[in-house]
Amino acid sequence: MLHVGRVRIALITVLVVGVLCNRGMAQHYYETSEPPTIVADIMDNCYVVEGSRVSKLDSTLLLKSRYSSSYGAIAQIDASDPFKLLLFQKDFYRITFLDNALALLGESLFLPDAGANSPLLACNMADGGYWVFDGIQTKLLFYRSGPNSSFSSNDLSVLLGDVMPSHLQSSNGLVFLGIPNKGIAVFDKFGGYKHLIAIPEASENFVAQFGKIYFSDGNKDVCSVNATGLGDKHIVLKKMFDYQRFAVGKKYLFFVNGNRVFTSPFLDD
């Protein structure tokens, strides 16, 4: 039975690669030891996270560099600044910064020392500093330098209800917080609440970039919507194969299917 199962997985993978290649996509793939998480930067590098290890790939999915964390699994990686990557090691309450060669930038930061006693999510801010969502305070905390937060949002308990947020990202001076079953809450660069993008299916896995929000809808189509929440969703790429995660670069989309990462041209206008 085990042999049959492996043969079936191999046949499915060959079929997926064949479909993509026939459509001018996925001439390359990158294989991992376990199902990874991925993000991409605006230079079309893809960052593949497997447990405590992150690998940097170019747009053809060739390995460029690699880093292994000494603080356990990497729960979140932010590549919005390709020269200052943020790694969030949730189990150890730590943030680590890497340069574009995946070399350490300074010492790892222990967030409770900075006043975030229950950090659940973290992300970079484009003009410097970083955001943390604290689960005890139910606030967004912003840090630029020093041991204390520079400013914070109001208490978000009413907005969140009985759930904790699922994703945090900053882009173009705005901060986006995914709220399961509700959508994406939008904040200004000072943590002031602006509005809710009421698309529940976008809350778990979205990418904020180029003034848009990219997400996978219920049909597994990759879609976009204006970051202001105005206008209808636009289908960027119709589903042509199964995938579990995706990432958005400048000219390429990246997908995870099982233990493999594929790439596709990015044609959104």
Side-chain angles (χ1 to χ4, degrees), residues 37-40 75-80 86 88 90 116 118-126 130-142 151-239 242-249 253-256 266 268-269:
T37 58
I38 58 172
V39 300
Q76 194 175 346
I77 177 171
D78 187 326
S80 55
L86 179 149
F88 176 44
K90 181 179 176 181
S118 180
L120 301 182
L121 300 167
C123 74
N124 264 332
M125 188 69 178
Y130 58 95
W131 287 94
V132 173
F133 177 82
D134 187 280
I136 291 179
Q137 300 179 59
T138 57
K139 290 182 179 181
L140 291 168
L141 308 176
F142 179 75
F151 46 80
S152 71
S153 70
N154 292 324
D155 187 337
L156 302 178
S157 299
V158 174
L159 178 64
L160 293 170
D162 59 356
V163 300
M164 286 289 104
S166 53
H167 187 54
L168 176 65
Q169 191 176 352
S170 173
S171 179
N172 289 349
L174 297 174
V175 184
F176 303 91
L177 187 68
I179 305 176
N181 303 317
K182 287 189 177 181
I184 301 171
V186 184
F187 301 82
D188 64 26
K189 64 180 181 179
F190 300 109
Y193 177 69
K194 293 175 67 67
H195 59 268
L196 179 74
I197 300 176
I199 306 178
E201 59 190 344
S203 64
E204 297 290 335
N205 180 22
F206 66 87
V207 177
Q209 198 158 272
F210 312 126
K212 298 180 180 180
I213 301 291
Y214 296 90
F215 63 96
S216 178
D217 69 8
N219 297 320
K220 282 291 188 179
D221 299 330
V222 178
C223 303
S224 69
V225 66
N226 193 291
T228 63
L230 300 175
D232 297 328
K233 75 177 184 181
H234 165 67
I235 296 178
V236 177
L237 183 67
K238 293 286 292 183
K239 177 188 174 182
D242 288 330
Y243 65 92
Q244 291 77 51
R245 299 178 182 89
F246 77 100
V248 180
L253 296 172
F254 301 88
F255 297 90
V256 172
F266 181 34
D268 194 28
D269 294 325

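Computation of the quantities below employed the complete heavy-atom set of this structure, encompassing side-chain atoms and omitting hydrogens, waters and symmetry-equivalent molecules. Owing to the predicted nature of the structure, the values given are computational and were not obtained by experimental measurement.
The environment of Asp217 atom CG is dense: over 12 non-hydrogen atoms of other residues, nucleotides or ligands sit within 6.0 angstrom. The neighbour count for Lys182 NZ, taken as heavy atoms of other residues, nucleotides or ligands under 6.0 Å away, is above 12. Within 6.0 Å of atom NZ in Lys233, more than 12 heavy atoms from other residues, nucleotides or ligands are found, so the atom counts as buried in its surroundings.
At a threshold of 4.5 Å between non-hydrogen side-chain atoms, the residues Phe187 and Lys194 do not count as touching. Glu204 places a side-chain heavy atom less than 4.5 Å from the side chain of Pro180. Taking the side chain as every heavy atom from C-beta outward, Ile213 and Ile184 approach each other to under 4.5 Å. Using a 4.5 Å cut-off on side-chain heavy atoms (C-beta onward), Val163 and Ile179 make contact. Side-chain atoms of Phe255 and Leu237, non-hydrogen and from C-beta on, do get closer than 4.5 Å to each other. Put simply, the side chain of Ser171 reaches to within 4.5 Å of the side chain of Phe176, judged on heavy atoms. With contacts defined as side-chain heavy-atom distances shorter than 4.5 Å, the pair Ile199/Val225 qualifies. Side chains of Lys90 and Leu120 form a contact here, defined as non-hydrogen atoms less than 4.5 Å apart.
In this structure, Asp221 contributes its side chain and Lys239 its backbone to a donor-acceptor pair below 3.5 Å. Looking at Gln169, its side chain does come within 3.5 Å of a backbone N or O of Ala208 through a donor-acceptor pair.
With rounding to the nearest 0.5 Å, the separation of CD1 in Ile38 from CG in Leu253 is 9.5 Å. A distance of 13.0 Å separates OH in Tyr130 from CG in Leu168, rounded to the nearest 0.5 Å. Here Ser152 contributes atom OG and Phe190 contributes atom CZ; the two are 13.0 Å apart, rounded to the nearest 0.5 Å. How far NZ of Lys139 is from OG of Ser153: 7.0 Å, rounded to the nearest 0.5 Å. Between Glu201 atom CD and Phe206 atom CZ the span is 13.5 Å, to the nearest 0.5 Å. A distance of 5.0 Å separates CG in Asn205 from CZ in Phe246, rounded to the nearest 0.5 Å.
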Working for side-chain contact (heavy atoms from CB on, under 4.5 Å), residues Lys212 and Asn226 = CA-CA 5 Å; Lys212 298 180 180 180; Asn226 193 291; 5.7 Å; no

Run the numbers on Tyr214 and Phe266 for ring pair (Phe, Tyr, Trp, His ring centres under 6.0 Å), then give the verdict.
-> CA-CA 12 Å; Tyr214 296 90; Phe266 181 34; 5.6 Å; yes

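For the pair Ser203 and Asn181, the tightest heavy-atom approach, listed with the atom from each and the gap, is OG-N, 4.0 Å. The shortest heavy-atom contact between Tyr193 and Ala185 is CE1-CB, 4.0 Å. Arg245 and Thr37 get closest at one heavy-atom pair: NE-CG2, 3.5 Å. Between Ile136 and Ser118, the shortest heavy-atom distance links the atoms CG1-CB, 3.4 Å. Annotation for Met164 and Phe133: closest pair SD-CE2, 3.9 Å, computed over non-hydrogen atoms. Closest approach of Asn172 and Gly211 over heavy atoms only: ND2-N, 3.2 Å.
Annotation: side-chain hydrogen bond (donor to acceptor under 3.5 Å, both in side chains) contacts involving residues 157-167, sequence neighbours excluded, comprise Thr138-Ser157, Asp155-Ser157.
Applying side-chain contact (heavy atoms from CB on, under 4.5 Å) to Trp131 and the options Leu140, Asn124, Leu86 leaves one that passes, Leu140.
Side-chain contact annotation: Tyr243 with Ser216, donor-acceptor N/O pair under 3.5 Å present.
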